[in-house]
Amino acid sequence: MASKKQTSGKGVDPIMADSAQEPAPPLDGIRVVDVGTFIAGPYSASILAEFGAEVFKVEHPIAGDPLRRFGTPTKRADSSLAWLSEARNKKSVTIDLRMPVGAELFRKLVSKCDVLVENFRPGTLEKWGLGWETLRKANPGLVMLRVTGYGQTGPYRDRPGFAHIAHAVGGLSYLAGFPGQTPVVPGSTPLGDYMSGLYGAIGVLLALRQKAKTGVGQMIDIGIYEAVFRQLDEIASVYSMFGKVREREGAGTVIACPHGHFRTKDEKWVAIACTTDKMFARLVEDAMGRPELAATNLYGTKAKRLANRQDVDSIVGSWTMSHNRDDVMDMCNKADVPIGQINSIADIFADPHFRARGDLVPVNVPEVGEVVVPGVFPKLSRTPGRIRHLGPRLGDSTDEVLSRLLGLTAEELKQMHESRVI
Amino acid sequence: MTDTENAKRDLPLSGMLVVDVATFIASPYAAAILGEFGAEVIKVEHPVGGDPCRNFGTSTRTPDLSLAWLSEARNKKSVTIDLRSKDGAELFRQLCLKADVVCENFRPGTLEKWGLGFDVLQKDNPGLVMLRVSGYGQDGPYRDRPGFARIAHAVGGLSYLAGMPKDTPVTPGSTTLGDYMSGLYGAIGVLIALHEKQKSGLGQYIDVALYESVFRLTDELAPAYAMYGTVRERHGPHVKSAVPLGHFRTKDDRWVAFACTTDKLFERLCQAMGRPELASSGLYGVQAQRLEARHEVNQVVAAWAGSLNRDDILERCIAAGAPCGPLNTIADVFADRQFHARANLLAKETPALEGEVVMVPNVMPRLSETPGRIDSLGPTLGQHTDHVLGTVLGLSPEQIRDLHERKVV
């Protein structure tokens, strides 16, 4: 099979360069139009791009994707760090969908592609004559991913969608924080965007598989609040069967103990997760040197520990407070007790495991310099994903893509640039 | 053929055989997704006790069928095999020979110890796709450490960011998040590998580490540290980059979330508050001004939120187009019209509970032409052992009886 690898060395770190014997990437030959903004829809397209799909990021000719200005800026005016990382491997094509000529151009582009990713509010593409029914007529094999705050249907479909709100509506935010106190952000505000991106990629891959059998595409409809809600293990089943409303559990959990976060002598933090009696026994006997605590009439059984959660947590907490974090880690690791550092990003950069696994990838970006981004996940053994370059400049591939795929002439392109369609 | 079987034929993964020998949620969730979209999933469990997920969380009236198990082992068939016995390992090898996908999450090296590593299984079945989920991945200095989602949240950098500034970091909402995220990455890996296999005929393995699945979702955390040395800290209910973006208590002691990431959205919130003057450029109309006066802005918004009941606030914000949502408890979720309209909750009659109904989260993602299905909830231990050994491996009733007697299955 023909391999059409891009070997443009521009902005590509040497360690990411291709070697000749490798098989073609898994999604080689798949073309994706990503007209989404920020992270939720676009992250699906990034995953496809990491595994070899050609992704055309369609952006407004003047503003571009607002993600370009989201978070921390760099020396390159249209490229924040979030943009550089999350628009990895994509090609930027500018088209103004609000202009009829632009909409027509977009329709033609989509008819040459396998996948369309979008996250406008429901009805927006329809308003421009670019709804699912129109697009599938032009391209019956099209797979269209639609990510919105609340999905394409239901009473809230027209409301604006943000991951921060989706965490709240999906039931996650209520659970983050100490009992009776203010619920906090569950670690990161765009969490729900990423989760939706993961479900989106799964939907697209399933739909592509079905298309390989039948030739027919389909539409995938994701509400960000749903992606969040799906992650909450037994919470729905327990409420419906027993009427139990889960509350905030602070740093611990009501189902196991000690299972939480503990401060160490050097003002750092560790997470300890003893889900079984055996693990607790190893903690108190081998790591803490207090075997008497594992006696069955004391804290040896889970029921006893749960009934005395505060006591157990305070015994473990005063032990961790009497040692530096690295020593606590060593003692617990030797005893095979599940423990981890509560890593700040500075800790992560110093962590030998992240280094050994290649989780942090430095990429040189023209004008910007070296940018370190999270690597490609998941890790495939034979055809691993790749970062070929980071987020492109606005419109860097407009002419190339429109002439190659749609056969536009230099004259036509010039005219469209002048009338700001592209 | 039954209606169910007929419908299943047309799903994207119909005809595919998945062996799920994993435990708890992370890797099994990947298999559950494959099962929802038509794959036949055979859950291989230890003959005594089975998957510990059967006793995880809240129990039902039937032993070994916790609610988490019933929900997450949806559509699966349970087959017991003791992999530690030689005959059991051989039986498992035979099963993998017939399988398209194997999902596991033992500690690295465990399957190898039993002679069931990827190399061995791949020699039997070159097209095999194997999902391996572990706390820290198949290599690196921590590979042998036990892995749990709570630990992964900590190592992956998420837990450090959850909680009040300088106070104890809290659980980021749910202790099992990292398991689900890893299941999602696992399903993506399997589907990509299957796509590639259609071209090359070859399988491969996918190496998912819980901590990596968490770390990947932390937006610009890594690039900002590398370039500017910025160490992000905990910001409680708020974020550093936008105001007001956070959680606010209402008069009836409930909570709402606002997310004004732009000046326009703040203007709409001020309209909802009946205080359009606050959005003037001389006051708080520009994000930079709001960030400067973060404390004041949050106080004004908090005072307004505290003066009205939650539903009144939601109504006013929705009318003004301001981004606002309730911090739903699970009770709120069950009463929420959107969840009903989108059928996010599915009621399933469960024969193993004498027909009692169990409510579970419905299939995600939602496909228009071939939507996923939940045909049954988690099976009883070994429910399908004889059937699968007979039909998939062609064992005779005598052979199966012998395996039972020797406690291999």
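Throughout, protein chains are lettered first and strands after them, A, B, ... in sequence-line order, and every chain is numbered starting at 1. Worth knowing before you read on, the calculation uses all heavy atoms, side chains too, and leaves out hydrogens, waters and symmetry mates.
There is no contact between B:L131 and chain A, counting heavy-atom distances below 4.5 Å. Residue B:R132: no heavy atom, backbone or side chain, is found under 4.5 Å from chain A. Neither the backbone nor the side chain of B:L70 comes within less than 4.5 Å of any heavy atom of chain A. Residue B:C324 touches chain A through its backbone alone, counting heavy-atom pairs closer than 4.5 Å. For A:I255, the part lying under 4.5 angstrom from a heavy atom of chain B is the side chain only. For chain A, the nearby parts of B:M364 are the backbone and the side chain; heavy atoms of each come within less than 4.5 Å. When heavy atoms are compared at a cutoff of 4.5 Å, B:T230 approaches chain A solely by way of its backbone atoms N, CA, C and O. When heavy atoms are compared at a cutoff of 4.5 Å, B:L377 does not approach chain A at all. Using a 4.5 Å cut-off between heavy atoms, B:R268 contacts chain A through its side chain alone, with no backbone atom that close. At a 4.5 Å heavy-atom cutoff, B:E233 makes no contact with chain A through either its backbone or its side chain. Contacts of B:D179 with chain A are absent, with no heavy-atom separation under 4.5 Å from either backbone or side chain.
Side-chain atoms of B:W255 and A:T182, non-hydrogen and from C-beta on, do get closer than 4.5 Å to each other. In this structure the side chain of A:W269 reaches within 4.5 angstrom of the side chain of B:T168, judged on heavy atoms. Looking at heavy atoms from C-beta onward, A:Y156 lies in side-chain contact with B:R337 at the 4.5 angstrom threshold. In this structure, A:P378 and B:D207 have side chains that are not in contact, with every pair of non-hydrogen atoms separated by 4.5 Å or more. Contact annotation: the side chain of B:E212 approaches that of A:K379 to within less than 4.5 Å [non-hydrogen atoms, C-beta and beyond]. Between A:L205 and B:I192, the closest side-chain pair of non-hydrogen atoms falls below 4.5 Å. In this structure, the side chains of A:L191 and B:L158 come closer than 4.5 Å at one or more pairs of heavy atoms. Contact annotation: the side chain of B:R366 never approaches that of A:M219 to less than 4.5 Å [non-hydrogen atoms, C-beta and beyond].
Checking B:E220 against A:T72 by side-chain atom types alone, a donor-acceptor pair falls below 3.5 Å. Remark: the B:R150 side chain and the A:H261 side chain contain an N/O donor-acceptor pair separated by less than 3.5 Å. For B:Y142 and A:N333, the side-chain atoms include no donor-acceptor pair closer than 3.5 Å. At a cut-off of 3.5 Å, with distance as the only test, a side-chain donor of A:T153 or B:R342 sits close to an acceptor on the other residue. Side-chain contact annotation: A:T383 with B:E196, donor-acceptor N/O pair under 3.5 Å absent. For the residue pair B:N344/A:Y225, the side-chain donor-acceptor check at 3.5 Å is satisfied. Side-chain atoms of A:N343 and B:Y211 form no donor-acceptor pair, as typed in the model, at a separation below 3.5 Å.
Proximity of a side-chain donor or acceptor of A:H164 to a complementary backbone N or O of B:G246 within less than 3.5 Å is detected. Remark: side-chain polar atoms of A:Q341 are not paired, donor with acceptor, to backbone N or O of B:V155 under 3.5 angstrom. Without hydrogens or angle criteria, A:E234 side chain to B:G57 main chain gives no donor-acceptor distance under 3.5 Å. The backbone N or O of B:D10 sits less than 3.5 Å from a side-chain atom of A:Q210, completing a donor-acceptor pair. Between the side chain of A:Q231 and the main chain of B:Y180, no donor-acceptor pair closer than 3.5 Å is present. At least one donor-acceptor pair under 3.5 Å links the side chain of A:K213 to the backbone N or O of B:L11.
Contacts with chain A were tallied for B:D336, B:V357, B:V363; B:D336 has the most, counting heavy-atom pairs under 4.5 Å. Contact tally against chain B (heavy-atom pairs below 4.5 Å) for A:A273, A:A251, A:G243: the top residue is A:A251. Note on A:M195, A:K211, A:M279, A:R230: by heavy-atom pairs under 4.5 Å with chain B, the leading option is A:R230. When B:A187, B:G163, B:S71 are compared by the number of non-hydrogen pairs under 4.5 Å with chain A, B:G163 comes out ahead. When B:S159, B:S241, B:A341 are compared by the number of non-hydrogen pairs under 4.5 Å with chain A, B:S159 comes out ahead. Ranked by heavy-atom pairs under 4.5 Å with chain A, the list B:G189, B:G157, B:A259, B:G147 is led by B:A259.
When every heavy atom of B:A193 is checked against every heavy atom of A:L380, the shortest pair comes out as N-CD2, 4.3 Å. When all heavy atoms of B:A257 and A:A168 are compared, the closest pair comes out as CB-CB, 3.8 Å. The two residues A:A236 and B:F334 make their nearest non-hydrogen contact at O-CZ, 3.4 Å. In plain terms, the two heavy atoms of A:P160 and B:P323 that are nearest each other are CG-CA, 4.1 Å. B:P223 approaches A:P374 most closely through the heavy-atom pair CD-CD, 4.5 Å. Considering all non-hydrogen atoms of both residues, B:G156 and A:F354 come closest at CA-CZ, 4.4 Å.
In this structure, B:F148 CZ and A:I339 CD1 are separated by 13.0 Å, a value rounded to the nearest 0.5 Å. One finds the CD1 atom of B:I33 at 8.5 Å from the CG atom of A:L206 (value rounded to the nearest 0.5 Å). Distance OG/A:S344 to CZ/B:R232: 12.0 Å, rounded to 0.5 Å. Atom-to-atom distance recorded for A:S240:OG and B:L67:CG is 7.5 Å, nearest 0.5 angstrom. Taken to the nearest 0.5 Å, the CD1 atom of A:I345 stands 6.0 Å off from the OG1 atom of B:T218. Atom-to-atom distance recorded for A:F162:CZ and B:L265:CG is 4.5 Å, nearest 0.5 angstrom.
Of the charged side-chain nitrogens involved, none lies within less than 4.0 Å of a carboxylate oxygen, so that A:D336 and B:R145 do not count as a salt-bridged pair. A salt bridge links A:E86 with B:R216: the closest approach of a Lys/Arg side-chain nitrogen to an acidic carboxylate oxygen falls below 4.0 angstrom.
Note: A:F377 and B:F215 have perpendicular aromatic rings, judged against thresholds of 30 and 60 degrees for the angle between ring planes.
Between B:H247 and A:H167, the gap from one ring centroid to the other reaches at least 6.0 Å.
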Pair A:F229-B:L345, side chain to side chain contact (heavy atoms under 4.5 Å, CB included): steps then yes or no: CA-CA 10 Å; A:F229 176 65; B:L345 292 157; 3.6 Å; yes
Step-by-step side chain to side chain contact (heavy atoms under 4.5 Å, CB included) determination, A:E249 to B:T171: CA-CA 8 Å; A:E249 297 172 358; B:T171 304; 5.9 Å; no
List the steps and the verdict of side chain to side chain contact (heavy atoms under 4.5 Å, CB included) for B:M16 and A:R209. CA-CA 12 Å; B:M16 185 156 290; A:R209 186 163 187 93; 3.2 Å; yes
Assess the residue pair A:V185 and B:H238 against the criterion (side chain to side chain contact (heavy atoms under 4.5 Å, CB included)); give the C-alpha distance rounded to whole Å, side-chain angles, the decisive distance to 0.1 Å, and a yes or no. CA-CA 7 Å; A:V185 171; B:H238 305 292; over 6 Å; no
